[in-house]
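To start, the structure itself, in structure tokens.
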Amino acid sequence: MIMMAGKYFGAIIVNVSGLELLIVNLKNAKTLERVKKEINLGDDVYQDKPVSFDSVERVSEALTGFVQILNDYGVTNYKLWGSQALSEAINADFIADQLFLHTGLTVQWLSTSEETYYRNQKISVKLTNDENNNQRAVFLVGITSGNTAITEFDGGQFMSSTNFALGPIKIAEDLQSLRQTAPNSIGLLNDYIDSKLNDFYIGNPSSVVQDPAPSKIILLGTLPLKQMIDHYLGDPRKNLTVDEFNELIDKLVDASDQYVVEELQVDEEYVPLILPELLLIRRVIRLTNATEVGFSNASVVDGLVNNEAVIQGYSKLDFVPQTITMANNLAIHYGVEPVHQRLVTKFALHLFDQLKPLHKLGNRERVILQVASILHDVGNYIGIHEHYLHSEYIIQHSDIIGLSDIERRTIAAVARYHSSTTPSEDLSHFQHISAENRRLISKLAAILRLADALDDDRQQKVKKISVSIKAPKVIITVFSNANLAYENWIFNSKSQFFTEAYGFKAVLKQRSVKTK
């Protein structure tokens, strides 16, 4: 069974409900093997207890089995990821250490927004290509044990994505205590779910609140629920109407556990989570005005495999525009002045591309600079004085699909240093960041400073630039017929940090533009 290893890739994820392995031929996107192992770690994680030693042992054994499968296929390129919920376990470091000792694999922890980003990818390709879905809004609803992500597509185009720290296990715990104190626990629970989902209205006022057009929701990865619904309906179906869905809920509210296990073939372990999950979905249906519920078995590993295919040059499926759309949504939300923002972003990316021989950074770092350029002025929403500090805070606490926690913190730091202080002057804030990330932040912030200096007075006197590297100088030629005395003064002040970061002096030259 040994194969040409280069084309084959294995993605493994460990989360609070167990592990999943996907082995794919990156060249033709064909699946060789998909294996799941269910191990419930959620009870410990959501009750703020350490995951038990026995559970960690079971995860280690399962992971060792996965590595054996990979070896049997001759796959040498494989990686291990951990879910955001599991990374919040009290003993997450111990879990990571044990898995490394057993298998030699280092866990890469995913952020919630990365999980949403990767889980959505498989189905979002279908949505973009399916003409039937291009006539209405479709909401992808990814429910994990402790989190709900709602992503909106309209006319096949990605619109926005929102995460909530709300999932069936958390709701089930609250339902337990509600049942002991409240006579109408279901009504109270609905109010509780609504209060958590309320922010969705704020994030999507145009599509959700004002648009009464019927939409569709697609539930991602809720396999036990899908199997139960198939048993209830008597036949497996891709979609069901909202009326059918509500009938099921009404029946299950008073159903005994025995009925659910015997008639609907549900594992006993999953029974306490069924009602919370159904109630959560019902509230999302009301929120999105959905008339139809669909299902997809797409999971995080599908997106992780595609991401590797893109890196290796086998796939052209690029989902980065979703991250850029979210950054632009955030900029609009915080009232960023668009003309200055677009010009600074254009200059920053042009500088990045032309300075590649000096910084030697790749496509991912370019995306980080692009998002930082789009969002560098969001802090003005709070106050113009020291707005760069406010920008850092807003970015750090914003959910932008597709970014890791480290990437989001990097973007926040680049925005912080685009204005006055520099990392070298700001040691108290900067020392907790790794040396490698410090260098990256310095290189990107130095570029953003130069780009921002070229339109510091917001008058768009410069529309176009060209860059040439002539050691020990980087010559930036600006094309403009305006008086650039102010721009020169600001540029000279802001370019000192560029010299620190790159060891080259940035020099501004002006060329007049011929008028026709």
Side-chain angles (χ1 to χ4, degrees), residues 1-42 58-83 85-86 99 102-103 105 107-108 110 114-127 140-145 149 218-230 236 238 265 267 269-270 294-312 314-315 317 319:
M1 204 181 275
I2 297 292
M3 303 176 182
M4 287 171 59
K7 292 186 298 187
Y8 298 94
F9 178 67
I12 308 168
I13 186 162
V14 55
N15 55 40
V16 293
S17 57
L19 300 92
E20 185 175 2
L21 163 68
L22 178 62
I23 306 174
V24 164
N25 178 338
L26 297 177
K27 198 169 183 181
N28 58 19
K30 285 201 172 147
T31 298
L32 298 168
E33 192 84 57
R34 189 189 284 267
V35 190
K36 287 185 181 178
K37 176 72 178 171
E38 287 182 13
I39 301 168
N40 181 17
L41 310 176
R58 288 174 65 203
V59 172
S60 294
E61 282 171 22
L63 188 56
T64 305
F66 283 5
V67 171
Q68 187 57 55
I69 294 168
L70 288 156
N71 291 339
D72 290 345
Y73 275 101
V75 178
T76 54
N77 182 16
Y78 51 90
K79 292 172 190 166
L80 171 66
W81 285 269
S83 72
L86 191 57
L99 299 184
H102 280 81
T103 63
L105 285 170
V107 179
Q108 298 175 54
L110 293 168
E114 281 181 296
E115 287 184 52
T116 305
Y117 178 71
Y118 290 123
R119 193 186 300 111
N120 287 355
Q121 287 188 9
K122 191 175 179 180
I123 190 72
S124 63
V125 173
K126 288 182 183 171
L127 287 180
L140 307 186
V141 182
I143 298 175
T144 61
S145 44
I218 298 176
L219 303 172
L220 307 181
T222 52
L223 195 61
L225 184 68
K226 172 72 169 82
Q227 289 168 343
M228 184 197 75
I229 288 171
D230 288 346
K238 273 190 176 178
Q265 303 287 298
D267 284 347
E269 210 174 46
Y270 182 63
F295 295 88
S296 168
N297 63 357
S299 76
V300 174
V301 287
D302 292 294
L304 290 167
V305 162
N306 176 65
N307 193 54
E308 184 68 19
V310 171
I311 291 167
Q312 302 280 349
Y314 290 113
S315 173
L317 290 174
F319 296 92

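- Val75 approaches Gly10 most closely through the heavy-atom pair CG1-N, 4.0 Å.
- Side-chain atoms of Asn297 and Lys226, non-hydrogen and from C-beta on, never get closer than 4.5 Å to each other.
- Side-chain contact check for Thr144 and Glu115: no donor-acceptor pair (N or O, by modelled atom type) lies under 3.5 Å.
- In Gln265, the CD atom is crowded: over 12 heavy atoms of neighbouring residues, nucleotides or ligands sit closer than 6.0 Å.
- Under the rule for a side chain to side chain contact (heavy atoms under 4.5 Å, CB included), the partners of Thr103 that lie at least two apart in sequence or sit in another chain are Leu63, Thr64, Val67, Leu105.
- Residues Val59 and Leu41 are in side-chain contact: their nearest non-hydrogen atoms beyond the backbone lie under 4.5 Å apart.
- Annotation: the span from Lys126 atom NZ to Gln121 atom CD amounts to 13.5 Å, rounded to 0.5 Å.
- Contact detail for Phe9 and Trp81: the closest heavy-atom pair is CZ-CH2, 3.8 Å.
- For Lys27, the side chain to side chain contact (heavy atoms under 4.5 Å, CB included) partners are Lys7, Asn25, Tyr314, not counting sequence neighbours.
- Partners of Val35 by side chain to side chain contact (heavy atoms under 4.5 Å, CB included), not counting sequence neighbours, listed by chain and number: Leu21, Glu33, Phe66, Ile69.
- Remark: Leu19 CG to Lys37 NZ distance equals 9.0 Å, nearest 0.5 Å.
- Across Val107 and Gly82, no two heavy atoms sit closer than the pair CG1-N, 3.5 Å.
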Query raised in the report: Going through the checks in order, is the side-chain contact (heavy atoms from CB on, under 4.5 Å) test met by Phe319 and Asn120?
Result: CA-CA 10 Å; Phe319 296 92; Asn120 287 355; over 6 Å; no

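- Distance NZ/Lys36 to CG/Leu22: 10.5 Å, rounded to 0.5 Å.
- Using a 4.5 Å cut-off on side-chain heavy atoms (C-beta onward), Asn306 and Val125 make no contact.
- Minimum interatomic distance between Leu317 and Val310 (heavy atoms only, all atoms of both residues): O-CG2, 3.3 Å.
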Query - Pair Val24-Glu308, side-chain contact (heavy atoms from CB on, under 4.5 Å): steps then yes or no - result: CA-CA 10 Å; Val24 164; Glu308 184 68 19; over 6 Å; no

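- Put simply, CG on Leu80 and CD on Gln108 are 8.0 Å apart, with the number rounded to the nearest 0.5 Å.
- Minimum heavy-atom separation, Val301 to Ala11: CG1-O, 3.8 Å.
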Query raised in the report: Yes or no on side-chain contact (heavy atoms from CB on, under 4.5 Å) for Leu127 and Leu140, after CA distance, side-chain angles and deciding distance?
Result: CA-CA 10 Å; Leu127 287 180; Leu140 307 186; 3.7 Å; yes

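- Contact annotation: the side chain of Ser299 approaches that of Arg34 to within less than 4.5 Å [non-hydrogen atoms, C-beta and beyond].
- Considering every non-hydrogen atom in both Val16 and Ser83, the closest pair reads N-OG, 4.1 Å.
- Here CG of Leu225 is found 5.5 Å from CZ of Phe295. Values are rounded to the nearest 0.5 Å.
- Here OH of Tyr73 is found 13.0 Å from CG of Asn71. Values are rounded to the nearest 0.5 Å.
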Report task. For side-chain contact (heavy atoms from CB on, under 4.5 Å), just list the numbers for Ser60 and Leu99, CA-CA rounded to whole Å, side-chain angles, deciding distance to a tenth of an Å, and then say yes or no. Result -> CA-CA 6 Å; Ser60 294; Leu99 299 184; 3.5 Å; yes

